[in-house]
Structure formats: C-alpha cells, structure tokens
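Have a look at the structure below, then the notes.
All heavy atoms count here, side chains included; hydrogens, waters and symmetry mates do not.
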Amino acid sequence: MSFNKVETTNLLKIPDNTQYWFVRSGSNAEYFEDFAYNNYIAIGDSNITLEKLKTIEPKYRATPDILQEKYKNIFQESFISDYNEKNKKEEIEPDERKKDIINLTRSASISAVKAYDFIEQMKIGDIILVPNNGSSLFRIGVITTDSFSHKVNHIFIPTTDDATVSSYSYADYDKKRRIAWIKEITVKDLPEKLLWIKYGHKAIFNITENAESINPLISSNYFYKDHFYTRIGVGTPKPISSTEWFNLQKVIVDAAPDIADQVFQKHKVESVGQIVIQTVSEHWDDILWICAFLFGSADANIKGREFHINGLLTNFYPSVREQKRHQKVMNEHEERSADLSEKKLEQEVRLKELEVQKKKTNYKYQNT
C-alpha cells in the first residue's frame, strides 16, 4: 500500500488502512542520524535472526494471537538458553535462578512483541515518527519495504577533527525497513494527545488512533477516509479577536453556502497553531474555493468560477518580515535568559568557592 495522488491534481490521498508508528532509534536515540542519513529504521535482538522469524510454520499463523504467542516462545527459549550457557559453570541459588528466569521471561516477551510489530504488523505505506535524544525533534517518514536483514551501506560523514572517524554511530541491528523521510518537526508541532510518547520506554508504539492529529503534519491538503482536509497555519503570536473569528466563519459560509453545514473545523491557535477544515470528499473543491477566499491575491478557476480576491487571513498569517521580526525578538530573549542563567551559575560557583575558602581559613585558625 502506498500514497496515491488524485488524478489531475496535486492532492495527497492517504489510504484508509494506513497505520502510524512511533519508533525509537536506540535506547538513547544514538542512531537518529544513522536512520536519517541512510533511510531506514531497525530493531535489535540480533541473536534471533529475521530468517527464523519469517519461516515460522503456517500453523502458527492461523491468527495474530497465536503468531504473537509463538514469537514469545521463541524469544523466551533463546533468552533462557543464553542465560544457561553463560552461567553453566557457576553455582546459582535456586531462589536467585527463579528470580532471574522470571525477569528474563518478562524481557523476552517485551522483545518478542517489538519484533512481532516490526515484522508482522508494520507494512509498506505506514507512517512512522522517530524522535531524537530528548524528543525535541521528530522525523516523519513512510515505510517503503518489507523487513530485511542484509547490510546497509552507511554514508560516511567524517568528524571535523578526524577525516577517518564517522561523525555518527552505525546501528548493528539485524531487522530493518527502508524509509522515505518526509519532513522534520519540533516537539512544539507534535499534537498534544501524543506528548506522552516523550516519556514512554517502549521501542515501538502503535499510534494509529491519533491519525487525524498526525495527518496535518504530513500535508496541508489531503483525502483520508472519505473526507477532504485542508490545514491553515496560524503564524501570528498576536491574540485573535472575536471579530476576526466571526469574519473567518462568515467567509466560509459565503464562499460555499450550499455545503456550509457539512464543513467542520478543528482549531489549535495558542500563540501559533493551525486550523483544520474538513468536509466529505465530494466537496473537496469547495474547500479549496473557501481557501481562495481566505488567502486570495491570486487568479483561479474552480468549477468554472473565475476570481481574484484579497483574502482575510493576512491577520492570521503574518508577513515574512513580521515572522522574522518575531523570531528575532524570541532569539534575543532566549540569549538574555541564557546569559542570566550563566551569570547566576558563575555567582553560585563563586559563593561556594568563598565558602570553602572560609572553612579552610577557620580550620587553620582553630589549629594554630
């Protein structure tokens, strides 16, 4: 399954069965650059080969539950076998061994579910989000291949200090999938419903239930599940007045009066944000007609209607000059805050040094 372009237009169609996944790039995101530079994702536990998992007998593939349980059995047997081999020359107390086996079984089950999701549940065309260390940045991509185990040819990017040393770490994981990266977003762009994944410990999460919150991050105009969506970025840091909101709604009703009661909106406009306008697929061109009224300053022909209009959304979407000015102010504020923090830290260090010096002086005085 893959994304399709609607004929004679440049609008994205997201298949209804698309799944959405959160995938970590190592325990500390140490392979974030590797995944990005070399267009893939991967998972560990390489002692259990991809070939072994892909050749599980058909009788265990009767249902997803049976197959997942088979994965757990394979991983548990492998983990316990490795444990026994490692400790065969050591005397381990029965109670300690029992505790070790319980912990190993739990870890094996977690690894098994991760591998099951990666190999059996993910599919070509699914969307993935990969965070960096600290989850301040996220890369969004589309899965383009089935899982594979052959070696990836890593792009070599040397460090600035040594031309023979790579500037990023290579993952040595066995199970991989190729990715076509779409874009990079910051944590501020992440839907509020997904902020919890910053603190999740699993390597893979299925976040398909949040599809409608993720899709606007992928494209401004798209079809999804028999509906057409368009995203309008709200870039102004200024408060939006009630009059401006009223004018926005009035434009929508005036531009498409026949379908106004079938046009729905979702707003996220704190400081900066977005407005998502939605309707059934058959009225997609009316939504574009509405957007033409909102943005204007262009000639167009939709359903035979010619127009040239100056739009309303100059209030919602500031000029490039205004955006740069606002960003400059924010950068200066952040620099001042950093300087103050650094000065405060220097003062604290100096006070501690004076305190230590004072204690040394008192100690010498008491011992003379």
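Taking the six-membered ring where tryptophan is involved, the planes of His154 and Tyr40 are perpendicular, since the angle between them exceeds 60° and thus also 30°. Using bins of under 30°, 30° to 60° and over 60° for the plane-to-plane angle, the ring pair Phe148/His150 lands in the parallel bin. Note: Tyr71 and Phe75 have parallel aromatic rings, judged against thresholds of 30 and 60 degrees for the angle between ring planes. Classified by interplanar angle (parallel below 30°, tilted 30° to 60°, perpendicular above 60°), the ring pair Phe223/Phe228 is tilted.
For the pair Ser167/Thr159, a side-chain contact is recorded, criterion being any heavy-atom separation below 4.5 Å from C-beta on. With a 4.5 Å cut-off on side-chain heavy atoms, Asn133 and Phe32 do not count as touching. With a 4.5 Å cut-off on side-chain heavy atoms, Tyr224 and Glu212 count as touching. Contact annotation: the side chain of Pro191 approaches that of Leu217 to within less than 4.5 Å [non-hydrogen atoms, C-beta and beyond]. Proximity of Lys86 to Asp82: side-chain heavy atoms (C-beta onward) are nowhere separated by under 4.5 Å. At a threshold of 4.5 Å between non-hydrogen side-chain atoms, the residues Leu137 and Glu184 count as touching. When side chains are defined from C-beta on, Thr208 does not count as touching Ile127, because their heavy atoms never get closer than 4.5 Å. Contact annotation: the side chain of Leu129 never approaches that of Val23 to less than 4.5 Å [non-hydrogen atoms, C-beta and beyond].
Applying side-chain contact (heavy atoms from CB on, under 4.5 Å) to Ile179 and the options Asn38, Val142, Ile140, Ile143 leaves one that passes, Ile143. With Phe205 as reference, Trp196 is the one residue of Tyr199, Trp196, Tyr20 to meet the ring-ring contact (aromatic ring centres under 6.0 Å, His included) rule.
Note that NZ of Lys202 and CZ of Arg24 are 11.0 Å apart. Values are rounded to the nearest 0.5 Å. Atom OG in Ser135 sits 11.5 Å away from atom CG in Leu194 (nearest 0.5 Å). Interatomic distance, Arg97 CZ to Glu90 CD, rounded to the nearest 0.5 Å: 12.0 Å. Atom OG1 of Thr144 and atom CG of Asn39 lie 8.0 Å apart (nearest 0.5 Å). Note: Ile204 CD1 to Tyr116 OH = 12.5 Å, rounded to the nearest 0.5 Å. A distance of 8.5 Å separates OG1 of Thr18 from NZ of Lys13, quoted to the nearest 0.5 Å.
Looking at Asn210, its side chain never comes within 3.5 Å of a backbone N or O of Ser213 through a donor-acceptor pair. Panel note: side chain Lys54, backbone Thr49; no donor-acceptor pair is recorded below 3.5 Å. In terms of modelled atom types and a separation under 3.5 Å, the side chain of Glu209 and the main chain of Ile207 share no donor-acceptor contact. In this structure, the side chain of Asp189 engages the main chain of Thr186 through a donor-acceptor pair within 3.5 Å. No donor-acceptor pair closer than 3.5 Å links the side chain of Asp65 to the backbone N or O of Glu69. Counting only distance, with no hydrogens or angles, the side chain of Asp126 and the backbone of Gln19 share a donor-acceptor pair below 3.5 Å. Checked by atom type and distance alone, the side chain of Lys72 never pairs as donor or acceptor with a backbone atom of Leu67 at under 3.5 Å. Remark: side-chain polar atoms of Lys176 are paired, donor with acceptor, to backbone N or O of Ser149 under 3.5 angstrom.
Within 6.0 Å of the NZ atom in Lys183, the count of heavy atoms belonging to other residues, nucleotides or ligands exceeds 12. Heavy atoms from other residues, nucleotides or ligands lying under 6.0 Å from CG of Asn153 number 12 at most.
Here the closest heavy-atom approach between residue Ser147 and residue Ile119 is recorded as OG-CG2, 3.8 Å. Closest approach of Ala163 to Pro158, counting heavy atoms only: O-CB, 3.5 Å. Across Lys123 and Asn17, no two heavy atoms sit closer than the pair NZ-O, 2.6 Å. The heavy-atom pair separating Leu12 from Ser219 by the smallest distance is CD2-CB, 3.8 Å.
A chain of hydrophobic side-chain contacts below 4.5 Å, direct or via other Ile, Leu, Val, Met, Phe, Trp or Tyr residues, connects Ile48 to Ile80. Ile92 and Leu104 fall within a single hydrophobic cluster, where Ile, Leu, Val, Met, Phe, Trp and Tyr are joined by side-chain heavy atoms under 4.5 Å apart, directly or via other members. Residues Ile101 and Ile74 share a hydrophobic cluster, clusters being chains of Ile/Leu/Val/Met/Phe/Trp/Tyr side chains in contact below 4.5 Å. Cluster annotation: Ile218 is connected to Val187 through the hydrophobic network of ILVMFWY side chains, with a link wherever side-chain heavy atoms come within less than 4.5 Å. In the hydrophobic cluster analysis, where Ile, Leu, Val, Met, Phe, Trp and Tyr join through side-chain heavy atoms closer than 4.5 angstrom, Ile155 is grouped apart from Phe35.
A cation-pi arrangement is found for Lys70 relative to Tyr60, the charged atom lying closer than 6.0 Å to the ring centre and inside a 45° cone about the ring normal. Relative to the ring axis of Phe118, Arg177 places its NZ or CZ within 45° and under 6.0 Å from the centre.
Checked for salt-bridge contact, Lys114 and Asp45 meet the test: a charged N lies under 4.0 Å from a carboxylate O. The pair Lys99-Glu96 fails the salt-bridge criterion, with no side-chain N (NZ, NE, NH1 or NH2) lying under 4.0 Å from an Asp/Glu carboxylate O. Salt bridge status for Arg61 with Glu120: present, with a side-chain N to carboxylate O gap under 4.0 Å.
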Exercise for review: Starting from the C-alpha separation in whole Å, work towards a yes-or-no answer on side-chain hydrogen bond (donor to acceptor under 3.5 Å, both in side chains) for Glu30 and Ser25.
Suggested key: CA-CA 6 Å; Glu30 61 268 32; Ser25 52; over 6 Å; no

Point to revise | Check against side-chain hydrogen bond (donor to acceptor under 3.5 Å, both in side chains), Ser107 and Asn103 | key: CA-CA 6 Å; Ser107 297; Asn103 290 333; over 6 Å; no

Point to revise | Derivation of the ring pair (Phe, Tyr, Trp, His ring centres under 6.0 Å) call for Tyr168 and Tyr170 | key: CA-CA 7 Å; Tyr168 66 94; Tyr170 298 170; 5.2 Å; yes

Point to revise | Chi angles and distances behind the side-chain contact (heavy atoms from CB on, under 4.5 Å) call for Leu53, Lys175 | key: CA-CA 10 Å; Leu53 296 171; Lys175 305 163 190 70; 3.8 Å; yes

Exercise for review: Would you sort out whether Asn132 and Ser136 count as a side-chain contact (heavy atoms from CB on, under 4.5 Å), showing the intermediate values?
Suggested key: CA-CA 7 Å; Asn132 71 343; Ser136 60; 3.1 Å; yes

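Tyr173 has its ring centre less than 6.0 Å from the ring centre of Tyr31. Separation of the Trp181 and Tyr37 ring centroids does not fall under the 6.0 Å cut-off.
Side-chain polar atoms of Asn206 and Asp117 form no donor-acceptor pair below 3.5 angstrom. A donor-acceptor contact closer than 3.5 angstrom is absent between the side chains of Asn215 and Tyr229.
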